[in-house]
> 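Pasting a structure here, questions to come.
Just the heavy atoms: all of them, side chains too, but no hydrogens, waters or symmetry mates, feed the values below.
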Amino acid sequence: MKINKAFKFRIYPNNQQKQFLAQSFGCARFVYNHFLRQRIDYYADTGKGLTYHNNALALTQLKKQPEFEWLNNINSQSLQQTLRNLDIAYNNFFNKHAKFPKFKKKRNHRSFQVPQHFNIKDDRLDIPKCKGIKIKLHRAIEGVMKSITISRTPSGKYFASILCELER
């Protein structure tokens, strides 16, 4: 039987890496809020809902527009994962498991996910478009690494939560 287990480690990015992470947090928040607004407006106009697939196609078109080309500076899979999170939140609401999704605020806990193409080697974390982030590995990572969530607390500390799949 396979189970999921998360390992949370503190990371210490330098100033250039902090700037990239801040941009990633902002892009993830923007994409979530933009497509939540789009879903609300579409439902109000037509009475029908949008799916993840509709949003993913619209994201591709959005990134091609000159005023939104800054979305290309971060990993596209992180933006797609943000759309998946929005889709899950929307489905949970309609299945009566949760309240209606709220818009993300800048001042709250900031995070984004990297579903693949990340690596940890010699106390350094590599994610797409940002290499060599110092990480404090205080215990061994067990199992197969599936995804990583980079987060920043309101006090300014950065963390990496690594989701691993273990054989029980």
Side-chain angles (χ1 to χ4, degrees), residues 1-13 17-36 38-39 50-64 68-93 95 97-98 101-104 108-137 139-153 157-168:
M1 183 171 125
K2 293 185 179 185
I3 61 170
N4 290 333
K5 185 174 182 180
F7 298 90
K8 190 171 184 178
F9 301 104
R10 178 95 184 262
I11 59 174
Y12 300 91
Q17 293 164 341
K18 284 180 183 179
Q19 184 178 4
F20 173 80
L21 295 178
Q23 186 177 16
S24 298
F25 298 142
C27 288
R29 185 184 70 252
F30 171 81
V31 167
Y32 187 93
N33 290 342
H34 178 81
F35 286 101
L36 178 57
Q38 188 177 23
R39 281 181 177 223
L50 292 172
T51 63
Y52 164 77
H53 183 69
N54 299 124
N55 289 151
L57 292 174
L59 176 63
T60 303
Q61 297 305 316
L62 186 71
K63 289 170 64 174
K64 291 178 182 176
F68 297 111
E69 65 184 16
W70 46 270
L71 288 171
N72 292 314
N73 294 340
I74 71 162
N75 183 16
S76 62
Q77 292 174 346
S78 296
L79 298 179
Q80 292 167 0
Q81 186 64 41
T82 301
L83 290 178
R84 283 190 190 91
N85 294 342
L86 174 62
D87 195 50
I88 290 168
Y90 230 74
N91 289 334
N92 284 341
F93 168 72
N95 293 331
H97 296 299
K102 294 181 179 180
F103 289 96
K104 295 195 178 288
N108 291 347
H109 187 79
R110 300 170 199 141
S111 67
F112 72 96
Q113 292 175 301
V114 181
Q116 60 185 10
H117 303 302
F118 61 92
N119 188 22
I120 297 175
K121 185 177 176 184
D122 299 330
D123 292 336
R124 298 286 175 185
L125 170 65
D126 293 338
I127 59 175
K129 300 187 179 184
C130 188
K131 308 287 185 211
I133 302 171
K134 186 178 175 186
I135 185 170
K136 179 67 174 166
L137 295 172
R139 61 182 170 164
I141 299 173
E142 306 167 19
V144 179
M145 294 187 290
K146 291 294 185 181
S147 69
I148 188 167
T149 302
I150 307 292
S151 60
R152 181 180 181 267
T153 63
K157 297 177 182 174
Y158 291 86
F159 292 94
S161 297
I162 302 164
L163 181 67
C164 297
E165 188 174 74
L166 301 170
E167 189 66 41
R168 192 171 190 180

> To the nearest 0.5 Å, tell me how far Tyr52 OH sits from Arg84 CZ.
3.5 Å
> Could you state the interatomic distance from CG (Leu83) to NE2 (His53), rounded to the nearest 0.5 Å?
12.0 Å
> So Phe112 and Asn75, do their side chains get closer than 4.5 Å, heavy atoms only?
no
> Could Arg10 and Tyr158 be counted as a cation-pi pair, given that NZ or CZ must be under 6.0 Å from the ring centre and within 45° of the axis?
no
> Considering non-hydrogen atoms only, spot the tightest contact between Met1 and Glu167 and give its length.
N-OE2, 3.0 Å
> Determine whether more than 12 heavy atoms belonging to other residues, nucleotides or ligands lie under 6.0 Å from atom CG of Asp122.
no
> Strictly distance-based, threshold 3.5 Å: is any side-chain N or O of Asn33 a donor or acceptor partner for the main-chain N or O of Lys104?
yes
> Is there side-chain contact between Leu71 and Val31, with heavy atoms separated by less than 4.5 Å?
yes
> State the CG-NZ distance between Asp123 and Lys136, to the nearest 0.5 angstrom.
7.0 Å
> Do Leu125 and Ile127 pass the side chain to side chain contact (heavy atoms under 4.5 Å, CB included) test, and can you show the C-alpha distance, the side-chain angles, and the key distance before you say yes or no?
CA-CA 7 Å; Leu125 170 65; Ile127 59 175; 4.2 Å; yes
> Could you tell me the separation between the CD atom of Gln38 and the NE2 atom of His34, rounded to the nearest 0.5 Å?
5.0 Å
> Should Arg39 and Asn55 count as side-chain neighbours, where that means a heavy-atom distance under 4.5 Å?
yes
> Hey, what do you get for CZ (Phe30) to CH2 (Trp70), rounding to the nearest 0.5 Å?
4.5 Å
> Report, as yes or no, whether the 6.0 Å neighbourhood of atom NZ on Lys131 holds more than 12 heavy atoms from other residues, nucleotides or ligands.
yes
> Within the 4.5 Å heavy-atom criterion, are Asn73 and Gln23 side-chain neighbours or not?
yes
> Quick one: do the Asn119 and Arg124 side chains pair a donor with an acceptor below 3.5 Å?
no
> So, for Gln113 and Ser78, which heavy atoms are closest and what is the spacing to 0.1 Å?
O-OG, 2.8 Å
> Would a 4.5 Å heavy-atom cut-off, applied to side chains only, mark Phe9 and Ile141 as touching?
yes
> Report, as yes or no, whether the 6.0 Å neighbourhood of atom CD on Glu165 holds more than 12 heavy atoms from other residues, nucleotides or ligands.
yes
> Provide the closest heavy-atom pair for Pro128 versus Val114 in the form atom of the first, atom of the second, distance.
CD-CG1, 3.7 Å
> Give, for atom CG of Leu163 and atom CG of Asn4, the distance between the pair rounded to the nearest 0.5 Å.
4.5 Å
> Lys5 and Glu142: side chain to side chain contact (heavy atoms under 4.5 Å, CB included), yes or no, with the steps?
CA-CA 8 Å; Lys5 185 174 182 180; Glu142 306 167 19; 4.0 Å; yes
> Kindly say whether Ala56 contributes a backbone atom to a donor-acceptor pair with the side chain of Thr60 at under 3.5 angstrom?
yes
> Got a donor-acceptor contact below 3.5 angstrom from the Asn95 side chain to the Asn91 backbone?
yes
> Give the minimum heavy-atom separation between Ser111 and Ser151, together with the two atoms involved.
CB-CB, 3.9 Å
> Would Thr82 and Asn85 count as having a side-chain donor-acceptor pair, cut-off 3.5 Å?
no
> Taking the side chain as every heavy atom from C-beta outward, state whether Phe68 and Lys63 have any pair of such atoms under 4.5 Å apart.
no
> Side chains of Ile162 and Ile120: closer than 4.5 Å at any heavy-atom pair?
yes
> Is Gln77 reaching over with its side chain to a backbone N or O of His117, donor-acceptor style, under 3.5 angstrom?
no
> Looking at every non-hydrogen atom in both residues, tell me the closest pair between Ala140 and Phe7 and how far apart they are.
O-CE2, 3.8 Å
> Is there a side chain to side chain contact (heavy atoms under 4.5 Å, CB included) between Arg110 and Ile150 once you walk through the steps?
CA-CA 8 Å; Arg110 300 170 199 141; Ile150 307 292; over 6 Å; no
> Is any side-chain heavy atom of Phe159 closer than 4.5 Å to a side-chain heavy atom of Lys157?
yes
> What's the shortest heavy-atom distance between Ile74 and Cys27, and which atoms?
CD1-CB, 3.5 Å
